[in-house]
Amino acid sequence: MSLQFNNEQMTEFKSLVARYPEGKQKSALLPVLHLAQDSFGGWLPTEAMDYVAGLLKIEPIEVYEVATFYSMYNLKPVGKFVFEVCQTGPCMISGSENIIAYIQKQLAIQPGETTKDGMFTLKLVECLGACGYAPMMQVGKIYREHLTKEKVDAIIAEYRMQAIAQN
Amino acid sequence: MGVKLLLEKANVPGIRTYDVYRREGGYVAAEKALKEMSIEAIVEEVKKSGLRGRGGAGFPAGMKWSFIAKPEGVPRHLVCNADESEPGTFKDRYLMEFLPHLLLEGLLISSFALGSKDTYIYIRGEYAWVAQILEDAIVEATKNGWLGKNILGTGFDCMIHVHRGAGAYICGEETALIESLEGKRGNPRIKPPFPAIQGLWMRPTVVNNVETLAAVVPIIKMGGEEYAKIGVGRSTGTKLISACGNINKPGVYEIDMTISVEDFIYSDEYCGGIAGGKKLKACIPGGSSVPILPANLLLKTAKGETRYMNYESLSDGGFATGSMMGSGGFIILDEDQCIVKNTLTLARFYRHESCGQCSPCREGTGWMEKILQKIELGKGEMSDIDLLWDIQRKIEGNTICPLGDAAAWPVAAAIRHFRDEFEWHINNRALSQTSNFGLQHYADPIHVPA
Ligand SMILES: Cc1cc2nc3c(=O)[nH]c(=O)nc-3n(C[C@H](O)[C@H](O)[C@H](O)COP(=O)(O)O)c2cc1C
Ligand code: SF4
Ligand code: FES
């Protein structure tokens, strides 16, 4: 099998499983799926889910049913940076629609799509617990809040730079 | 300035670290509880404090604790509910982000009182950086002897573990949370059995909100009776309110529950008035699930009395003319906001978040979204309003968990108080696509601050 945790990821895996009593290792499934998604390119191919099932000694179906239930797991490939913009009530009344439209225009993609260069995915999501700092979006592990058009431009430029720096 | 029991030190530089928190009087309550108090005495203080659950339902915390079963040889667990996904609510995030040790101290005292040696914080997956702050704080607390084996030489062992969710509002419901913590889909369980008897891994479990557990610290410090003197009636102590929407100063505020809604909205200490000098149209005072109120019923009750920011006053008038304190997510809508559209975004939210176990919730939330969408897009019929009313009534009370009710109430309240705005959309299909109903429906003059 090609997908495997490296040593560092394996240490992290073991520390996650250690948080639950003996025999209750299935409890680590959600955190371990986060680790797998972060480790294997931002999404969960079937191979990754099967790998996790093997590590936790549970049936693959137990992993599939969980992975399909929770909105943070991506079951299809995504761009290098995923813009998850909140569209729920409080953000909507604070102007999220304009921001969403602006991002669509700047990246020339619709919600759910990825830019041709594989750099950005736009995802519309429900309340992220940042309603007082709206409009907002989540990118990876951080929140970008109080969005304006200028800020969106700067954020896009920032991630483009980051991608160049990483290559 | 109101009394501050939780956020008093939130602005002290470095308070996130153990050293500063300790220097500022941190872990003194934990020391008192573990060294000087019996388990019964701690539960008694929490009972006397009148503390009500801050997660939304307002159930007395001390009473919940006294229900936990104690079968011989079976471990018990405390689970801290940090799922915080109710639209409009972001208070727990603030508390955890800035005062992680306050939560840990509250968890330690509560774990001791409940006999939980492995306590879990179930935090919504999106709060990844907050989870990291908690992880770091746990390492510090362990290093300094507040977690681990034989804490303070009392023989009590306790570890706190962070567990990240993965994006599902329903996992805030306590039995869905437990399922999720067991590595499953977040499908709520049928009660009974209640978690206090059979919860996590079928062991006796108490689930409490972040703010509830943090409030145990000041309660132990000052004593339950003193805590109960703050506030009014059965709304004791302080409450965190996360204010958002069209106000000048969105943010998290700690209030003692004697302040009027009007003062909370217009005073500079809190929301600072409506943004852009606009008029107040409506408010959802306790998170997206509670009934929306038009300005006139928000500031005064139907009897014409001042409405206050507490459990009793916000629900004065029942659902006919009142609302609820809920989770403390306070959402303000100004004169430019469209009630139909706002209700639509909330209906979409509940459709998205329904776990799908019960037909009334799974199907009903989908239908409500579709009909609201139709009205919003200028394609509605008059009969759609009655249909919406009918659907929400068929959901309410007919489901396994309260998410069904939570989806039904916002739609019911919007129609109850803003029916004329729905009718306007239907009678003015083209116009409704380019303009707004505004404040026209008010028979009563709208309040204008002096
Ligand atoms: C759909 C739904 C979502 C909920 N979400 C949360 C939540 O995010 N945080 C929370 O503390 N309680 C939430 N609750 C309430 C919990 O079920 C439970 O009552 C609460 O955690 C108990 O803690 P408390 O008594 O300290 O408030 C939710 C309930 C329902 C029905
Ligand atoms: S009411 Fe809705 S969310 Fe709750 S159990 Fe039923 S289908 Fe699931
Ligand atoms: S509504 Fe967008 S973060 Fe809450």
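All chains are named by letter (A, B, ...) in the order of the sequence lines, taking the proteins before the strands, and each is independently numbered beginning at 1.
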Regarding A/Gln106 and A/Asp153, is there a side-chain donor-to-acceptor distance under 3.5 Å anywhere?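 Present: a donor and an acceptor within the cut-off.
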
Using distance alone, with no hydrogens and no angle criterion, decide if B/Tyr127 and B/Glu97 have a side-chain donor and acceptor under 3.5 Å apart.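 Result is no, nothing qualifies.
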
Sort [X] into side chain, backbone, both or neither according to what part of it lies under 4.5 angstrom from a heavy atom of chain A.
{"X": "B/Cys171", "answer": "side chain"}
{"X": "B/Ile332", "answer": "backbone"}
{"X": "B/Gln132", "answer": "neither"}
{"X": "B/Thr343", "answer": "neither"}
{"X": "B/Lys341", "answer": "both"}
{"X": "B/Ser242", "answer": "neither"}
{"X": "B/Glu126", "answer": "both"}
{"X": "B/Tyr350", "answer": "neither"}

Quick one: do [X] and [Y] make a salt bridge, cutoff under 4.0 Å?
{"X": "B/Lys281", "Y": "B/Glu335", "result": "no"}
{"X": "A/Glu145", "Y": "B/Arg93", "result": "yes"}
{"X": "B/Lys279", "Y": "B/Asp334", "result": "no"}
{"X": "B/Glu135", "Y": "A/Arg19", "result": "yes"}

Are more than 12 heavy atoms, taken from residues, nucleotides or ligands other than B/Lys249, located less than 6.0 Å from that residue's NZ atom?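 Enclosed: over 12 neighbouring heavy atoms sit under 6.0 Å from NZ of B/Lys249.
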
Flag if over 12 foreign heavy atoms under 6.0 Å of CD, A/Glu8: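 Open.
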
Please look at [X] and chain B and tell me whether the side chain, the backbone, both or neither of the residue comes under 4.5 angstrom of a heavy atom of that chain.
{"X": "A/Ala130", "value": "both"}
{"X": "A/Glu65", "value": "both"}
{"X": "A/Tyr20", "value": "both"}
{"X": "A/Gln87", "value": "both"}

Sequence neighbours excluded, which residues qualify as side-chain contact (heavy atoms from CB on, under 4.5 Å) partners of B/Pro204?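 Testing B/Pro204 for side-chain contact (heavy atoms from CB on, under 4.5 Å), a comparison that skips the adjacent residues, returns B/Ile68, B/Ala69, B/Pro71, B/Val74, B/Arg76.
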
Out of B/Tyr270, B/Phe90, B/Tyr94, which residue meets the ring pair (Phe, Tyr, Trp, His ring centres under 6.0 Å) rule with B/Tyr253?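 Filter result, single survivor: B/Tyr270.
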
Heavy-atom pairs under 4.5 Å with chain A are the metric here; pick the option from [options] that has the most.
{"options": "B/Thr89, B/Ile284, B/Asn246", "result": "B/Asn246"}
{"options": "B/Lys184, B/Gln337, B/Glu182, B/Arg348", "result": "B/Arg348"}
{"options": "B/Ser180, B/Gly251, B/Ala243", "result": "B/Ser180"}
{"options": "B/Ser85, B/Pro75, B/Ala131, B/Gly165", "result": "B/Gly165"}

Report the C-alpha separation of B/Phe349 and B/Tyr169 in whole Å, then their side-chain angles, then the decisive distance to 0.1 Å, and conclude whether the ring-ring contact (aromatic ring centres under 6.0 Å, His included) test is met. CA-CA 9 Å; B/Phe349 172 81; B/Tyr169 167 64; 4.9 Å; yes

Between A/Asp50 and A/Tyr64, is the side-chain hydrogen bond (donor to acceptor under 3.5 Å, both in side chains) condition met? List the steps. CA-CA 9 Å; A/Asp50 292 347; A/Tyr64 305 159; 2.5 Å; yes

Can you tell which of A/Leu3, A/Thr68, A/Ile61, A/Leu75 makes a side chain to side chain contact (heavy atoms under 4.5 Å, CB included) with A/Met49?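 Checked A/Leu3, A/Thr68, A/Ile61, A/Leu75 against A/Met49; only one passes side chain to side chain contact (heavy atoms under 4.5 Å, CB included): A/Leu75.
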
ring-ring contact (aromatic ring centres under 6.0 Å, His included) for A/Tyr133 and A/Tyr143? Distances and angles first, verdict last. CA-CA 10 Å; A/Tyr133 323 110; A/Tyr143 280 12; 9.1 Å; no

For the aromatic rings, using the six-membered ring if either is Trp, is the centroid distance between B/His163 and B/Tyr120 under 6.0 Å?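 No, the ring centres sit 6.0 Å or more apart.
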
Assess whether side-chain hydrogen bond (donor to acceptor under 3.5 Å, both in side chains) is satisfied between B/Asp118 and B/His161, documenting all intermediate values. CA-CA 7 Å; B/Asp118 284 291; B/His161 312 277; 2.7 Å; yes

B/Asp92 and B/Asn209: side-chain hydrogen bond (donor to acceptor under 3.5 Å, both in side chains), yes or no, with the steps? CA-CA 8 Å; B/Asp92 296 337; B/Asn209 173 258; 2.9 Å; yes

Can you check whether anything in residues 108-126 of chain A gets within less than 4.5 Å of chain B, heavy-atom wise, and list it by number?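 Listed by number: A/Glu126.
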
Can you list the residues of residues 32-43 of chain A that sit under 4.5 Å from chain B, counting heavy atoms only?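 Residues in range: A/His34.
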
Heavy-atom pairs under 4.5 Å with chain B - which of A/Lys141, A/Glu62, A/Lys24 has more of them than the others?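 The candidate making the most pairs under 4.5 Å is A/Lys24.
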
With sequence neighbours left out, what residues match A/Glu12 under salt bridge (charged side-chain N to carboxylate O under 4.0 Å, His left out)?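 Salt bridge (charged side-chain N to carboxylate O under 4.0 Å, His left out) check on A/Glu12 returns nothing, list empty.
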
